[in-house]
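First the proteins, then the strands, lettered A, B, ... as listed; each starts at 1. The figures here come from the full heavy-atom set of this structure, side chains too, leaving out hydrogens, waters and symmetry mates. Keep in mind it's a predicted model, so treat the numbers as computed, not measured.
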Amino acid sequence: MNYETTLAALNLQAVLPNLMDLVRHDPTAAAIAASRDICIQFLVRGGPAAYVAFKNGACTVENGQRADADVKLWFASCRHLNRMFKNQANPVPIKGLTRIGYLTKEFKKITARMEHFLTPNDNALAQPDYMALNTLLTLNTAARAICILVEGDKAARNVAAGMPDGTLLLKVLPDGPAAGITFRNRRATMTAGETEKPSALMLMKDLKTANDLLNQKLDPFAAIALGDVRIWGQTPMIDCLDLILERIPHYLQP
Amino acid sequence: MKTYTYQRSRELFEKAARLIPCGIYGHFSPAPLIPPDHYPFYAEKAAGSRFTDVDGNEFIDYMCAYGPMVLGYNHEGVDRAAAEQLRKGNCLSAPSPVMVELAEKLVDTVAIADWAYFAKNGGDVTTYATMVARKATGRNKIILIKGGYHGVAPWTQGYGHHGITEDDGRHIIRIPWNDIPALQAAIDQNPGDIAGFMACPYHHPTFVDNVMPADGYWQNVERLCRQHGIVLMVDDIRCGFRLDIRGSNEYFGFKPDLICFCKAIANGYPISALVGTDAIKNDAAKVFYTGSYWFSAVPMAAAMATIDEMKRIDAVGLMLAYGEKLRDGLIATAKRHGFDLKVTGHPSMPYLRITDDPSLMLHQKWCGECTRRGAFFTSHHNWFVSSAHTAEDLALTLQIADEAFEAVKKQS
C-alpha cells in the first residue's frame with residue numbers, strides 16, 4: 001500500500017469506528033445519533049469501503065459495502081477521502097441526495113464531536129470524563145491502526161515479520177478499557193475488550209498512565225520498571241507493538 | 001526463606017528516571033525483568049560469584065554482568081595486574097607495551113589468530129569486522145542470521161526500530177540459522193557482492209530456545225565462503241572463552257577469517273578484540289578505525305591476567321562442569337514439582353524455559369521468585385556461569401529453585 005491508501009484505510013477503519021464508542025459514551029453524540037436511523041456508505045475508487053449506520057440510537061461502523069445504504073458517498077481516490085477527513089474536500093453523493101441536509105448538519109456535528117475527543121489538549125485532559133473517553137478512543141484507534149499498518153506500512157511490516165503469533169492484551173487497570181490484538185501469520189486483528197489466555201499482557205495502572213503512554217508522553221521503559229505499566233509474557237510482542245505504534249503519527253497527526 | 005525487598009533500588013531508580021532516559025537503558029534496563037519488583041536495579045558490591053545490591057541483598061549471579069565476569073568478581077590476580085598497570089599509566093599519549101604483549105597472548109591462544117586489534121565494546125569489533133570484510137573483497141553485502149545480535153550499530157538493527165532508516169540495512173541480508181540452502185540462495189541472488197558472513201558460534205537469541213549448529217553446518221558455511229571469496233566472521237562476544245579458550249570455532253571444528261571477542265576477555269575490564277588471519281591483515285590495516293580509550297593499558301593488563309588464569313585453572317572446564325550440574329539439578333527440581341524445564345545452549349551459557357506455559361508468564365514468575373530469594377535469574381536471556389561458582393552456590397541455588405517452584409504453584 002502507498003501512503004494515501006494506508007491513510008485512507010486508517011481513516012475509514014481505525015478512526016471512523018470511534019463513532020460507535022462516542023455514541024455509547026458521550027451524551028451529546030448520543031442525542032445526535034438518536035435523531036434519525038440512517039446508513040451512510042463510504043466508497044473509494046481503488047481503496048477501502050466502510051459504512052456508518054445509526055439505528056435506534058446506536059451506531060455501527062463496518063468495513064465493506066451495504067447494498068441498502070441510505071446515502072452513498074463516492075471518492076475519486078484515497079487522497080480525495082483523506083482530504084475530506086482534513087476538511088479540505090467534499091465527497092460526491094451518488095445516492096440519497098435528499099439526505100444531504102443530514103450530512104451537512106447532524107453527521108457533521110457528530111464527526112466534529114469525535115474530532116474533539118481525539119485531539120486533546122492539557123485543559124481538556126484535566127477533565128476526568130474527557131480523559132476517560134479520549135483514552136478509550138485512543139486505545140481502540142491504536143489497536144485498529146496496528147492491524148492496518150502491519151499490512152500497509154513498510155516499516156511496521158518489517159517489524160511485524162519478527163512478531164510471534166499470539167494475542168497481546170492491552171488493559172487499563174482496574175477495570176478497563178481493554179483491547180486485544182491477535183497476530184497470526186504476520187497479520188493482525190483487533191478485539192475490543194478482554195481476551196482469554198493472552199500471550200502477552202500490558203497493564204496500565206490507571207487512565208492517566210494509559211493516556212500518557214498512548215499519547216507518547218511517557219518513558220515506557222521507566223514506567224515498566226516502576227510498575228506503572230506492567231508487562232507479562234511474550235515481551236517481544238510488546239517490543240514490536242511499541243515499534244508499530246510509533247508509525248501511527250506518521251499518518252494520523254493529532 | 002526470606003524474600004528480598006528493594007526500597008533503595010526503587011528510590012534510586014525513581015531519581016534516575018527523571019535524569020536518564022529509561023532510568024537504566026540498554027541491556028541493563030529492568031524492563032525485561034518481570035515482575036520488576038522482584039529484582040534489584042542497582043548493585044553495591046560484588047565478590048566471587050555473588051553481588052550485593054544497594055538494599056544489602058546478596059545474589060548468586062547467573063548473569064555475570066551479562067557475560068564479562070568469567071573468573072569471579074574482584075578477582076585478586078586480575079585486579080592486581082590492573083592496579084600495577086594503573087600505577088604505571090593507563091591512557092597515555094602512546095600505547096603501553098602491554099598492548100603488544102596482549103596481542104601476542106591472543107595470537108598464541110586463539111587458534112586462527114595471526115594478529116589482534118583492540119577496541120572497547122563488542123559492537124566496535126563487529127562493525128570493524130564488516131568494514132574489513134568490505135575492504136578485503138570490494139563488495140557490499142553482509143549476511144547475518146535472523147534474530148542474531150551483533151550490537152546496536154544501525155546496520156545491526158532492523159528497519160522500523162527507533163532511529164533506524166531503511167538505508168541502514170540496505171546491504172544486510174538476513175537468513176535463518178542452520179539453513180545452508182538459504183545461504184546458497186543469498187549468494188546466488190547477489191553474485192559477486194557478498195563481502196562477509198557473520199554469525200555467533202551457536203544461535204542464542206533472547207526469549208527463545210537456543211540452537212546449536214546442525215551437524216556439518218559450520219563446515220558447509222566455511223566451504224561456501226571459501227568457494228565464493230566471502231569473509232567468514234564469528235561473533236564470539238558472548239561465547240568467547242566460555243566454550244573453548246582457543247575460540248568457539250575450535251569447539252565446533254571450523255576456521256573463520258575473523259573472530260570478534262569481548263565480554264570474558266578481561267573479567268569485567270573494558271576491552272574487545274578483533275583477531276584474524278594473515279591473509280586479511282593488510283586489509284585490516286587500511287581501515288581507519290579508533291576510539292578515545294581504545295589504547296588504555298589497564299584493561300589490557302587485566303586481559304593478560306584473565307587469559308593466563310583461565311588457562312591455569314581450566315576455567316572452561318570448570319564452567320562446563322558447573323553448568324551441567326546446574327542444568328541437571330534445576331531440571332530435576334522442576335520435575336519434582338511437576339514442571340518441565342527445558343534447558344538449551346551450552347551448559348556454561350544456558351537458556352531456560354518452563355515449557356508448561358508458552359506465554360512465558362509461568363517462567364517469568366519462577367525466575368522472579370528465585371531472584372527475590374537470592375539466585376539472580378533472568379527469564380528472557382541466556383544465563384552465564386563463571387569459574388567462581390561453587391558447590392555451595394549450587395546447593396543454595398537448587399534450594400532456592402525448589403522453594404520458588406513451591407511459591408509459583410501456590411500462586412497458580
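- Contact of Ala200(A) with chain B is made through the backbone alone, with heavy-atom distances under 4.5 Å.
- With a threshold of 4.5 angstrom between heavy atoms, Tyr39(B) does not approach chain A through any atom at all.
- Residue Ile238(A) does not touch chain B at all, counting heavy-atom pairs closer than 4.5 Å.
- Looking at Asp242(A), the atoms closer than 4.5 Å to chain B (heavy atoms on both sides) sit in the backbone and in the side chain alike.
- Residues in residues 157-178 of chain A take part in no ring pair (Phe, Tyr, Trp, His ring centres under 6.0 Å) pair, two or more places apart or across chains.
- The backbone N or O of His161(B) sits nowhere less than 3.5 Å from a side-chain atom of Glu246(A) that would complete a donor-acceptor pair.
- Of the atoms belonging to Lys146(B), not a single heavy atom falls under 4.5 Å from chain A.
- Contacts of His250(A) classified as side chain to side chain contact (heavy atoms under 4.5 Å, CB included), with partners at least two apart in sequence or in another chain: Arg247(A).
- Proximity to chain B among residues 163-198 of chain A is limited to Pro198(A), judged by heavy-atom separations below 4.5 angstrom.
- Across all their heavy atoms, Arg10(B) and Leu226(A) have their closest contact at NH1-O, 2.6 Å.
- Pro36(B) and Ala225(A) get closest at one heavy-atom pair: CB-O, 3.6 Å.
- Nearest heavy-atom pair, Arg230(A) versus Pro35(B), reported as atom, atom and distance to 0.1 Å: NH1-CB, 4.0 Å.
- Closest of all the heavy-atom pairs between Val159(A) and Tyr159(B) is CG2-O, 4.0 Å.
- Between Cys22(B) and Phe221(A) the shortest heavy-atom distance is SG-CD1, 3.6 Å.
- Remark: the backbone N or O of Gly160(B) is not paired with any side-chain donor or acceptor of Asn158(A) at under 3.5 angstrom.
- Under the ring pair (Phe, Tyr, Trp, His ring centres under 6.0 Å) criterion, Tyr42(B) pairs with no residue, sequence neighbours left out.
- When heavy atoms are compared at a cutoff of 4.5 Å, His162(B) approaches chain A by way of both its backbone and its side chain.
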